[in-house]
Amino acid sequence: MDAYDRITRNASEVVTEDEVRTLAESPDGKRAYVGYEPSGVLHIGHMLTATKLIDLQEAGFEVTVLLADVHAYLNDKGTFEEIRQTAERMKEQFIAYGLDEEQTEFVLGSEFQFDREYTLDLHALELNTSMSRAERAMSEIKSGETVKVSQAVYPLMQALDIVYLDVDLAIGGMEQRKVHMLARDTLPSIGEDSPTCLHTPLIADLGSGVGKMSSSKGVTISMEDSTEDIEQKVNSAYCPPTADPEPDDEGNDRENPVLQIFEYHVFPRFETVVVERPEKYGGNLEYDDYESLAADLESGELHPADAKGALANYLDELVAPGREKIRQATQ
RNA sequence: CCGCUCUUAGCUCAGCCUGGCAGAGCAGCCGACUGUAGAUCGGCUUGCCCCCCGUUCAAAUCGGGGAGAGCGGACCA
């Protein structure tokens, strides 16, 4: 796999393709970053962008993980003390998940976001941004039902972080795209370049296949889950024998979350996937890539129940090291 | 600073006028049927009715005070 393919594997969009191609020409030493609001427990949404960071490290990038304590504070996620305590635990879980400790720089937002120069640049961006634009950028991210002024500042700081962390490629889930587009539009107003961005897909709701999996409501998978939790959650997941399900009765588009997790979480981390299957149903199956597994599910060769069993096993393997970290931390 | 509206189950809301066991839809959970899930059937759960005080035999409902949210207006030498 060449550098460009490795960088863009499983991305739902890059902005812009030309800019990423330029980066891919000499990826060594290029810098990428993702920012996370510290939440204490790493869940499958974090894991998706983390997998992308691992791709980038393998392509030669230096990776920075921003533990965005100030952002979490501005987004009404708790007191500063609470947030900073969870940040440290989150860092350990990222390493347990597979980020290379040597190649990954963890930065706390509060380490540089209170600097005088940063603050002045922030005010300059505020002057160049309308309330409605900032609010729109936050529509997929904000917590609570009331828009706070702090939440209008939030996306502008995210734009500035890209400058201050000297980032060549900004990574985020698709829910971050409006923030990144705001950054591209507004950073030139203070004499900075528009950042290059890469967005990862969002996994559909595990139970229904409709909309986006959410950690706040509905079912998610996290490093807190036991093997039994994972088996139970995967087993009750929506999984028709196709990658392209019909819309539901209300006309909502549906995805197959089981296949999505194979595609975005399992195959990027495992060379081959073995589906254990009773002799009665034809014995074990082995896959080297997502496409052949999806094709077998589509044809009926692979039954969803067997696919789920395999998915639970591999997910458990991905979660196990982080689970162990949590276990140690709570003793 | 003034005025108006809203607050009831996880969600959207009805009930309030005219006081009398706390409701519906959706969601969720459990079974049946499918070698998964979903769909379909059958069953079940869910509450600080925003808070405090008062009236009353009895308050989600009436009165007073307060909080939160939404909207409008005024002030602007």
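Quick note on labels: first sequence line is chain A, next is B, and so on, each numbered from 1.
Taking the nucleotide of RNA chain B with the nearest heavy atom to each of R277(A) and D249(A), the more 5' of the two is matched to R277(A).
Straight-line distance between the C1' atoms of G54(B) and C30(B): roughly 46 Å, to the nearest whole Å. Comparing C49(B) with G23(B), their P atoms sit 14 Å apart, to the nearest whole Å. Rounded to a whole angstrom, the distance from the P atom of G3(B) to that of A22(B) is 36 Å. The same atom, C1', is picked in C44(B) and in A27(B); the two are 14 Å apart, to the nearest Å. Distance noted for atom C1' between C51(B) and U8(B): 14 Å (whole Å). Across the P atoms, C6(B) and C17(B) are found 14 Å apart, a figure rounded to whole Å. Across the C1' atoms, G25(B) and G20(B) are found 26 Å apart, a figure rounded to whole Å. A gap of 9 Å separates the C1' atoms of U46(B) and G10(B), to the nearest Å.
Within 4.0 Å (heavy atoms only), P241(A) reaches at least one base atom of the nucleic acid. Counting any heavy atom pair closer than 4.0 Å across all strands shown, D306(A) reaches a base atom.
Rounded to a whole Å, the NZ atom of K280(A) is 11 Å from the P atom of U36(B). The distance from atom NZ of K148(A) to atom C1' of G68(B) is 11 Å, rounded to the nearest whole Å. Between the CG atom of L293(A) and the P atom of U36(B) there is a distance of 18 Å, given to the nearest Å. The nearest whole Å value for the distance from the CD atom in E298(A) to the P atom in U36(B) is 18 Å. Separating the CG atom of N235(A) from the P atom of C30(B) is a distance of 11 Å, rounded to the nearest angstrom. In this entry the distance linking CD of E255(A) with P of G38(B) reads 18 Å, nearest Å. Taking atom CG of D205(A) as the reference point, atom P of A27(B) lies 13 Å away to the nearest angstrom. Between the CD atom of Q232(A) and the C1' atom of C30(B) there is a distance of 13 Å, given to the nearest Å.
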**Request:** Under the side-chain hydrogen bond (donor to acceptor under 3.5 Å, both in side chains) rule, what do Y97(A) and T51(A) come out as? Steps first, then yes or no, please.
**Result:** CA-CA 9 Å; Y97(A) 182 65; T51(A) 299; 3.0 Å; yes
**Message:** If you apply the rule side-chain hydrogen bond (donor to acceptor under 3.5 Å, both in side chains), what do you find for Q151(A) with E135(A), and how did you get there?
**Reply:** CA-CA 7 Å; Q151(A) 290 167 329; E135(A) 202 173 321; over 6 Å; no
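For Q328(A), the CD atom counts as densely surrounded, since its 6.0 Å shell holds more than 12 non-hydrogen atoms of other residues, nucleotides or ligands.
By the 4.5 Å heavy-atom criterion applied to side chains, L297(A) and P304(A) are counted as neighbours. Between T200(A) and M174(A), every side-chain heavy-atom pair lies at or beyond the 4.5 Å cut-off. Two residues are said to be in side-chain contact when any heavy atoms from C-beta on lie closer than 4.5 Å; D55(A) and K52(A) meet this criterion.
The side chain of T146(A) sits closest to A69(B) out of G35(B), A39(B), A69(B).
Ring geometry for Y73(A) versus F80(A): interplanar angle of 30 to 60°, hence tilted.
In this model, no donor atom of one side chain and acceptor atom of the other lie less than 3.5 Å apart for D115(A) and Y164(A).
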**Asked** Which dot-bracket string describes RNA chain B (Watson-Crick N1-N3 plus N6-O4 or O6-N4, or G-U N1-O2 and O6-N3, all under 3.5 Å; [ ] crossing; | other strand)?
**Response** (((((((..((((......[..)))).(((((.......))))).....(((((..]....))))))))))))....
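The aromatic ring of Y281(A) is stacked on the base of G35(B), with the two ring centres less than 5.5 Å apart and the planes inclined by under 30°.
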